[in-house]
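This one's a predicted model, so the numbers in the text were calculated from it and none came from an experiment.
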2 protein chains.
Amino acid sequence: MSTVTITDVAKHVGVSVATISRYLSGFTVRNEEKIREAIIELNYRPSAAARNLKSGRTGIIAIVVPDITNPFFASIVEGAESAVGEDRMILLVNTGDSREREEKALSQLFGRVDGVIMAPLTEDEQGPSFFSQFGLPIVFVDRVTKDGEKFSSVLTDNAKGAHIATDYLISQGHRKIAMIGGPLSTTPGKRRADGYRSALAKSGISSQVEYFIESDFSEAGGYAAMCRLLEEEAPPTAVFVANNLMTIGALHALRDRGVSVPQEISIIGFDDLEFAELVNPPLTVIARDARLQGSQAMDLMIKHLENGGATPPEHSMVDVQLVERGSCALPRESQKIRSNKIDH
Amino acid sequence: MSTVTITDVAKHVGVSVATISRYLSGFTVRNEEKIREAIIELNYRPSAAARNLKSGRTGIIAIVVPDITNPFFASIVEGAESAVGEDRMILLVNTGDSREREEKALSQLFGRVDGVIMAPLTEDEQGPSFFSQFGLPIVFVDRVTKDGEKFSSVLTDNAKGAHIATDYLISQGHRKIAMIGGPLSTTPGKRRADGYRSALAKSGISSQVEYFIESDFSEAGGYAAMCRLLEEEAPPTAVFVANNLMTIGALHALRDRGVSVPQEISIIGFDDLEFAELVNPPLTVIARDARLQGSQAMDLMIKHLENGGATPPEHSMVDVQLVERGSCALPRESQKIRSNKIDH
DNA sequence: AGGTTATCTGCAATCGTTATCAGTAACGAG
DNA sequence: CTCGTTACTGATAACGATTGCAGATAACCT
């Protein structure tokens, strides 16, 4: 089929392949016009494979994420896309939360891409040496591995976000505050749990084990965790849910059980959602700019690539902020007293 | 750096490169053990570029979508990912609804990928010849171009879905039914408008021009369109919104204006959303399986690839279904009479 | 042991491009 | 008329892997 090579073009014009190659790379050559025509007429497209082999570059940057249907990661990808520029493209790898797929993908990537932007599944990846011997520039986004300091990263201030969220609940008078957390083996899972605990400690509230549930950042996980909390002898009056998908799950659970938010229980989530103000009640969340994280990660990657890998790792931190909407209220006990303040 | 080639391995073991190559391709060779060790010791990874050049295959399939942050397209990508198999990967191209980026991406793709799964921006792409001369297998998903019949495709029964949605509103007694549609230059935009009109016609309702707004499948577009509808002299009592993002926008508009759903206006959307039952009120929608569309598209692509391009194009159609929740009710006029039926 | 297969091996060509290097034509200056 | 300069050109060797071919080795049989 369309297997027309530079040689065919050269023959057609009556010059050597070198001339065509030079024309393609922007040098001035004698028969520019003829070459241009020949290329169009023969429908010649330079072989990317051959170019890769010669140059050692592919012009492709991989993005490895656990779950592309999570709007947060979709936004990261979109942000990265927006910063990728003219002459590079993005190879998406969706590991589907499977360690096995992640490993395989990573080994497949070598030679196909110039660099990897990734949100690793867990912090304890295949030994500290793995990424070092990987031989490709790496930028971590949202999550890092144990030896993450050696590579550039773009993170969120997870602990701060969780601290703010918990503090907010405390300031409303809550004392029985639960958290539905992510896996403690992940960066955000661990840091958000830290922030939650430190906020409780600062206010002199003892953190009860049964109020912290380690879940898995999935909707189903959030659903199950909320069910467990509701079955406690003394259910919490407020819950901090550590990511968007689990928040959706938790809300589903509450709806199915007929528990009203925020009258009976207050909910604050991590990561904003397109529809957060449309749900009933509008969701109060800790928000951050996922697109920005993606574009920053891409910027760092490109910087590494252009500087020939001699750049020291940089660590960037994206800020978080509290978006107050309607899913948090005074705890039930105080509502009796100050019931005029329930729904303003 | 990690620029160890097959030649280095061969030298290290003391055999020819051909032997190493054969070992890698699964033939039985004499010094298997030694070769295995050498590969590990030297940390040798075969160069994908060289392989591509020799074989003409890349093992990469491109997916071109207009907007990866749209959950629908994210699900398509996820579905495709799940069907891609062991020895192929996905190259994601997010065109960001820009025709220019789409064109450029497509031309960049040649030689980098073995095939392209795409949801084209509009039906009238760069002339019918473009894709034919593209020289790569193409599978259309969700949308096609003018000459789409020549290539395999996985579509939804858009007209049927729109028909069902409109019929549903009619059956509830609505007569002033508006539609917020997508661009008529796109497959789903056009077909859904067709379905809406045919349903109206079947029931003898004349379709008023001011009740059909051609928007752009974006949240902002949905917002603006809903605002325009509300400013009509005789605003509609029900609106069919032709995709998920515009539905979110429309709901935002209604919330901002203080118009209550479904008491004052009924809303039915196209495409389900994770949180559709969490919004207030739970959203009634026309749903379909986006993951399935993605995986079917990938299956078709792989079939083409394995059959050496000699396969005739296949056209698959994914079914739609009505998911009744709470965002549609009897029109206001009838509510006075049968008010007991408003909220069951 | 000698002959015949059955396996395995190395050489070298090849994939499509680009970089290098030597070479040619045109032109003006001396 | 020769020389140097400028501005291009063509042949050729890489890049790293795969593969057909012919030769080498081992295995088997009589």
inquiry  = Between A:T28 and D:dA7, is there a contact of a side-chain N or O with OP1 or OP2 at under 4.0 Å?
reply    = no
inquiry  = With a 4.0 Å limit, can you tell me whether B:S47 has a side-chain N or O closer than that to the phosphate oxygens OP1/OP2 of D:dG16?
reply    = no
Between [N] ([atom2]) and [X] ([atom1]): distance, integer Å:
| X | N | atom1 | atom2 | answer |
| --- | --- | --- | --- | --- |
| B:R45 | D:dA17 | CZ | C1' | 16 Å |
| A:I35 | D:dC8 | CD1 | C1' | 12 Å |
| A:I6 | D:dG10 | CD1 | P | 12 Å |
| A:L53 | D:dG16 | CG | P | 7 Å |
| B:R57 | D:dT18 | CZ | C1' | 14 Å |

remark   = The side chain to side chain contact (heavy atoms under 4.5 Å, CB included) partner of B:I68 among B:I76, B:L92, B:V93 is B:L92
request  = For B:T28, enumerate each residue passing the side chain to side chain contact (heavy atoms under 4.5 Å, CB included) test, keeping only those at least two apart in sequence or located in another chain.
outcome  = B:E32
request  = Go through the structure and list residues passing side chain to side chain contact (heavy atoms under 4.5 Å, CB included) with B:E86, not counting sequence neighbours.
outcome  = A:K104
query = In degrees rounded to 10°, what angle is found between the helical axes fit to the five outermost pairs at each end of the helix from C:dA1-D:dT30 to C:dG30-D:dC1?
reply = 50°
Identify all pairs in which a protein N or O lies below 3.5 Å from an N or O of nucleotides 19-26 of chain D, and state each distance.
none

message = Taking any heavy-atom pair under 4.0 Å as a contact, classify A:Y44: base, sugar-phosphate, or nothing.
response = sugar-phosphate
message = Go nucleotide by nucleotide along DNA chain C from the 5' end; which of A:I20 and B:S16 gets its closest nucleotide reached first?
response = B:S16
ask   = Going through the checks in order, is the salt bridge (Lys or Arg N to Asp or Glu O under 4.0 Å) test met by A:K190 and A:E123?
value = CA-CA 10 Å; A:K190 189 155 70 184; A:E123 295 212 334; 3.1 Å; yes
request  = Could you walk me through whether A:E81 and B:R101 pass salt bridge (Lys or Arg N to Asp or Glu O under 4.0 Å), step by step?
outcome  = CA-CA 11 Å; A:E81 258 279 350; B:R101 295 195 58 176; 2.8 Å; yes
request  = Go through the steps to decide whether A:E37 and A:K34 satisfy the test salt bridge (Lys or Arg N to Asp or Glu O under 4.0 Å), and finish with yes or no.
outcome  = CA-CA 5 Å; A:E37 285 166 9; A:K34 275 172 124 180; over 6 Å; no
query = Which pairs pass side chain to side chain donor-acceptor pair (under 3.5 Å) with one or both residues in residues 47-61 of chain A, sequence neighbours excluded?
reply = A:T58-A:D114
key: A:E100 atom CD: more than 12 heavy-atom contacts under 6.0 Å   = no
query = Between B:L53 and A:A50, what is the shortest heavy-atom contact and its length?
reply = CD1-CB, 3.8 Å
inquiry  = Nearest 0.5 Å, please: how far is CD1 in B:I63 from CG in B:N94?
reply    = 12.0 Å
note = Under a 4.0 Å heavy-atom criterion, DNA chain C is touched by chain A from C:dG16 to C:dT20
ask   = Please walk me through it: do A:R291 and A:E78 pass salt bridge (Lys or Arg N to Asp or Glu O under 4.0 Å)?
value = CA-CA 6 Å; A:R291 283 201 73 211; A:E78 196 208 9; 3.2 Å; yes
